[in-house]
Amino acid sequence: MTDITVRRVKFEFPDELDDVFPGVDPVGETYLAAFSMTMPALEPYLIRTCRAVADRITDHELAADVREFIGQEAQHFQNHKRVNDMIMRQLGDATAVRLQRILDELEADYRRYSADRSDRSNIVYAEGFEAMTCAMAMTMFEEAAAGRGGVGRSGTFGPWQQLWSWHAAEEVEHRTVAFGLYEHLGRGYPYRVVGSLRAQLHFQRYIDRLQRVLLESQGHPATRHLPPWLKDSGRRRYLNTFRPGYDPGALQPNDLMSTVLAMFTPGTTG
Ligand SMILES: [Fe+2]
Ligand SMILES: [Fe+2]
């Protein structure tokens, strides 16, 4: 149904935090770093969720999309893991230990969800997360296209910015898959709203804890912040995901996203 391409990309990250924490926008920078840290726990959980129900998908096109979705998510977290390791090393042992303790809890939560929760519960978590990241990614591209920062706020386009651009673009590219899976095997509209909200709150609580440690590590007060993209058009886009008629397939990605995807697709120029 949808055109989803698994792009095998391996970013090489220099051993320095200049691109990750340039110090221009501490809240935005620590939010993205916290988000990155959760990926090696979250994305394998999404993959386990898909694999657990793969043989019950009777729609062949959806089944093919789910396979590509798994392929993309597997590429994402492997790159995030490498940059996360570098960030941890650079932050030093004391901060790394604090962060790792939080990440171990998150990993344990997801292991428990996969083992104990129903497939529907795990699918609605996946849809809640994917609907949110699609809104986030589309907002980042809109902001970047309008010259209002986004991932390239530090003025460079190094491996860290490239990682996020590639990841965000593929999140938009596979935006229909978790929704399609939920429509196919889920439990209807009210459960989607409640389950998505619960998932997003669970995830955001971890982001918040990680972000406060990271803010402190950069010499800033360890205060709570809303996700930086959750304002203006981002908030509208996010709230739209809770409408009964929400259809991620009807969303129109901007040209910048297509340019980024072309950049990372072998055989195309960009
Ligand atoms: Fe991803
Ligand atoms: Fe995704």
Side-chain angles (χ1 to χ4, degrees), residues 1-11 31-54 62-84 103 106-107 110 113-114 122-141 151 159-184 186 192 195-196 199-200 202-204 206-207 227 229 234 237-238 241 246-249 251 253 257 260-261 263-265:
M1 180 187 72
T2 25
D3 245 345
I4 300 171
T5 305
V6 179
R7 300 170 186 82
R8 291 174 208 287
V9 187
K10 187 175 178 191
F11 298 97
Y31 176 80
L32 277 190
F35 208 104
S36 177
M37 286 184 175
T38 64
M39 292 296 99
L42 181 279
E43 289 180 319
Y45 166 54
L46 299 182
I47 293 171
R48 290 196 298 276
T49 297
C50 289
R51 289 198 172 131
V53 299
L62 178 63
D65 283 352
V66 167
R67 284 193 292 275
E68 303 297 290
F69 173 90
I70 288 172
Q72 287 194 338
E73 300 294 19
Q75 291 294 312
H76 297 165
F77 82 80
Q78 289 178 51
N79 277 294
H80 281 280
K81 183 171 179 347
R82 288 211 323 284
V83 75
N84 295 347
L103 292 169
L106 180 65
E107 173 73 20
Y110 289 147
Y113 292 176
S114 293
N122 289 321
I123 291 171
V124 82
Y125 194 110
E127 166 48 17
F129 180 79
E130 290 290 310
M132 180 188 74
T133 46
C134 176
M136 168 183 165
M138 289 189 71
T139 305
M140 283 160 68
F141 281 115
V151 172
W160 174 248
Q161 288 83 9
Q162 291 176 33
L163 164 71
W164 274 109
S165 303
W166 162 75
H167 190 168
E170 290 197 347
E171 289 305 311
V172 178
E173 188 179 42
H174 71 220
R175 66 193 178 279
T176 61
V177 180
F179 183 82
L181 192 59
Y182 183 79
E183 293 282 284
H184 194 55
R192 175 167 75 79
S196 294
Q200 290 158 7
H202 171 262
F203 181 75
Q204 177 56 31
Y206 277 96
I207 291 290
W229 59 273
R237 202 171 268 125
Y238 169 69
T241 67
Y246 172 62
D247 174 10
L251 301 173
M257 188 205 98
V260 167
L261 287 180
M263 261 179 71
F264 295 106
T265 307

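Counting starts at 1 for both ligands and their atoms, in listed order.
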I'd like to verify the contacts: list protein N, O or S atoms under a distance of 2.8 Å from the Fe ion (ligand 1).
Glu43 OE2, Glu73 OE1, His76 ND1, His167 NE2, Glu171 OE2
With distance as the sole criterion, is a donor-acceptor pair present between the side chains of Glu73 and His174 under 3.5 Å?
yes
Assess the pair Tyr45 and Phe77: is the distance between their ring centroids shorter than 6.0 Å?
no
Using 0.5 Å steps for rounding, measure from the [atom1] atom of [X] to the [atom2] atom of [Y].
X: Tyr110; Y: Glu43; atom1: OH; atom2: CD; answer: 10.5 Å
X: Gln78; Y: Lys10; atom1: CD; atom2: NZ; answer: 9.5 Å
X: His167; Y: Phe35; atom1: NE2; atom2: CZ; answer: 7.0 Å

Mind listing the closest non-hydrogen atom pair of Met37 and Asn84 along with its distance?
CA-ND2, 3.3 Å
